[in-house]
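Reminder, nothing fancy here: chain letters follow the sequence lines and each chain counts from 1. When reading the values below, keep in mind they use all heavy atoms of this one structure, side chains included, and skip hydrogens, waters and symmetry mates.
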Amino acid sequence: MRLVTWNVNSVSARLPRLLAWLRVTGPDVVCLQETKCPDAAFLRAEVAELGYAAAVHGDGRWNGVAVLSRMGSSDIAVGFPGIPSIPDAEQPPEARAIAATCSGVRVMSVYVPNGRSPEDPHFAYKLRWLTALRSAIEPEAAAERPFVLAGDFNVAPTDADVWDPAAFVGSTHVTPAERGAVRALLDAGLHDVPARALKYDTPFTYWDYRAGAFHQNLGMRIDLVLANAAAYADITDAYVDREARKGRSPSDHAPVVVDLGRSSTVELSR
DNA sequence: ATGCCTTATTTCATAAGA
């Protein structure tokens, strides 16, 4: 099984690039974030043409997650038990998590809240969200069944995951509280899958659109694939495809590609 | 070369991203 996570920054705006990339890369399961697309508007027919069933969960203008699968998709769940709402909101929770079982692997695509700034109410919301996520995934993390939690975590787990730690003093994404919340996910039984970089020695997954950040490799590793023991033991390779960040109209995130030993042919025949 | 920000919407301006 080839599994991917990619924050596409609007699935509609990215559709031509997404389809072309899917054709070339051939993933079996695709976790998308920031689809920015209401469920009714999701371009299901276009991905179906490439063989993917789409489990989608969208808000409209912001957020939005999906799991595309060409290996079947069952037990689709949007959100997770205990998912918090935004601060002082009486609205339903934002569309930031969706799970599906694809050929025996439980897969969850998440778009963790940004946090905005450490003083902002959205920062406390981010921490609450990650804490609730940990509680929700605890059984899956400890289970025998392979489980993969993938997405845009909006946290750089270590100083090595940002281009310059000094540039992030006072910023979100690097605080001990955020890193502790991600560490808690690992403590629940998940492994941070080490991905190869296709260039340089740091597998960054995000580069700001502004000021030529990509071309100077001023990036961050905030898109993660976390695998429980069963899934982790099955991994044969993982890389960040920075090629997908190049060219015209890219997302500001690059996809992370993870290969698991399971053959799609074998799995599909079961 | 990979090139100086982009998205959807309450659209000719704004909020949000990280």
Whether [X] contacts [N] is assessed here as follows: a side-chain N or O lying under 4.0 Å from the phosphate OP1 or OP2. Is that the case?
{"X": "A/Asn114", "N": "B/dA18", "answer": "yes"}
{"X": "A/Asn154", "N": "B/dA18", "answer": "yes"}
{"X": "A/Arg61", "N": "B/dA15", "answer": "no"}
{"X": "A/Tyr206", "N": "B/dC5", "answer": "no"}
{"X": "A/Arg210", "N": "B/dT6", "answer": "no"}

To the nearest angstrom, how far is [X] atom [atom1] from [N] atom [atom2]?
{"X": "A/Asn7", "N": "B/dC5", "atom1": "CG", "atom2": "P", "result": "19 Å"}
{"X": "A/Arg17", "N": "B/dT7", "atom1": "CZ", "atom2": "C1'", "result": "15 Å"}
{"X": "A/Tyr209", "N": "B/dT7", "atom1": "OH", "atom2": "C1'", "result": "8 Å"}
{"X": "A/His253", "N": "B/dT7", "atom1": "NE2", "atom2": "P", "result": "13 Å"}
{"X": "A/Asn9", "N": "B/dA18", "atom1": "CG", "atom2": "C1'", "result": "12 Å"}
{"X": "A/Lys126", "N": "B/dA16", "atom1": "NZ", "atom2": "P", "result": "16 Å"}
{"X": "A/Lys36", "N": "B/dG17", "atom1": "NZ", "atom2": "P", "result": "9 Å"}
{"X": "A/Gln216", "N": "B/dA1", "atom1": "CD", "atom2": "P", "result": "18 Å"}

For the CG atom of A/Leu32 and the OG atom of A/Ser251, what is their distance to the nearest 0.5 Å?
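Going from CG on A/Leu32 over to OG on A/Ser251, the span is 10.0 Å.
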Has A/Asn154 got a side-chain atom pairing as donor or acceptor with A/Val112's backbone, closer than 3.5 angstrom?
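A pair under 3.5 Å: yes.
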So, the side chain of A/Asp161 versus the backbone of A/Thr158: is there a donor-acceptor pair under 3.5 Å, distance only?
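Such a contact is found between A/Asp161 side chain and A/Thr158 backbone.
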With a 4.0 Å cut-off on heavy atoms, is [X] in touch with a base, just the backbone sugar-phosphate, or nothing at all?
{"X": "A/Tyr111", "result": "sugar-phosphate"}
{"X": "A/Asn217", "result": "nothing"}
{"X": "A/Glu243", "result": "nothing"}
{"X": "A/Phe168", "result": "nothing"}

When the [atom1] atoms of [M] and [N] are compared, how many Å lie between them, rounded to an integer?
{"N": "B/dA8", "M": "B/dT2", "atom1": "C1'", "answer": "26 Å"}
{"N": "B/dA16", "M": "B/dG3", "atom1": "P", "answer": "29 Å"}
{"N": "B/dT14", "M": "B/dT10", "atom1": "C1'", "answer": "9 Å"}
{"N": "B/dT6", "M": "B/dA18", "atom1": "P", "answer": "15 Å"}
{"N": "B/dT11", "M": "B/dT7", "atom1": "C1'", "answer": "12 Å"}

For A/Arg179, is the CZ atom crowded, meaning more than 12 foreign heavy atoms sit under 6.0 Å from it?
yes
If you pin A/Phe214 and A/Ser10 to their nearest nucleotides in DNA chain B, which one's is more 5'?
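Result of the comparison: A/Phe214.
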For A/Pro38 and A/Arg245, take the nucleotide of DNA chain B holding the closest heavy atom to each; which residue's nucleotide lies nearer the 5' end?
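Whichever sits nearer the 5' end wins; that is A/Arg245.
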In plain terms, say whether A/Asp241 and A/Arg196 are close enough for a salt bridge, that is, a side-chain N and a carboxylate O under 4.0 Å apart.
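No, this pair does not count.
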So do the side chains of A/His173 and A/Lys126 get within less than 4.5 Å of each other, counting heavy atoms only?
yes
From B/dT2, B/dT7, B/dA18, nucleotide with atom closest to A/Arg14 side chain:
B/dT7
Which nucleotide in the list B/dA18, B/dA15, B/dT2 gets nearest to the side chain of A/Trp62?
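Output: B/dA15.
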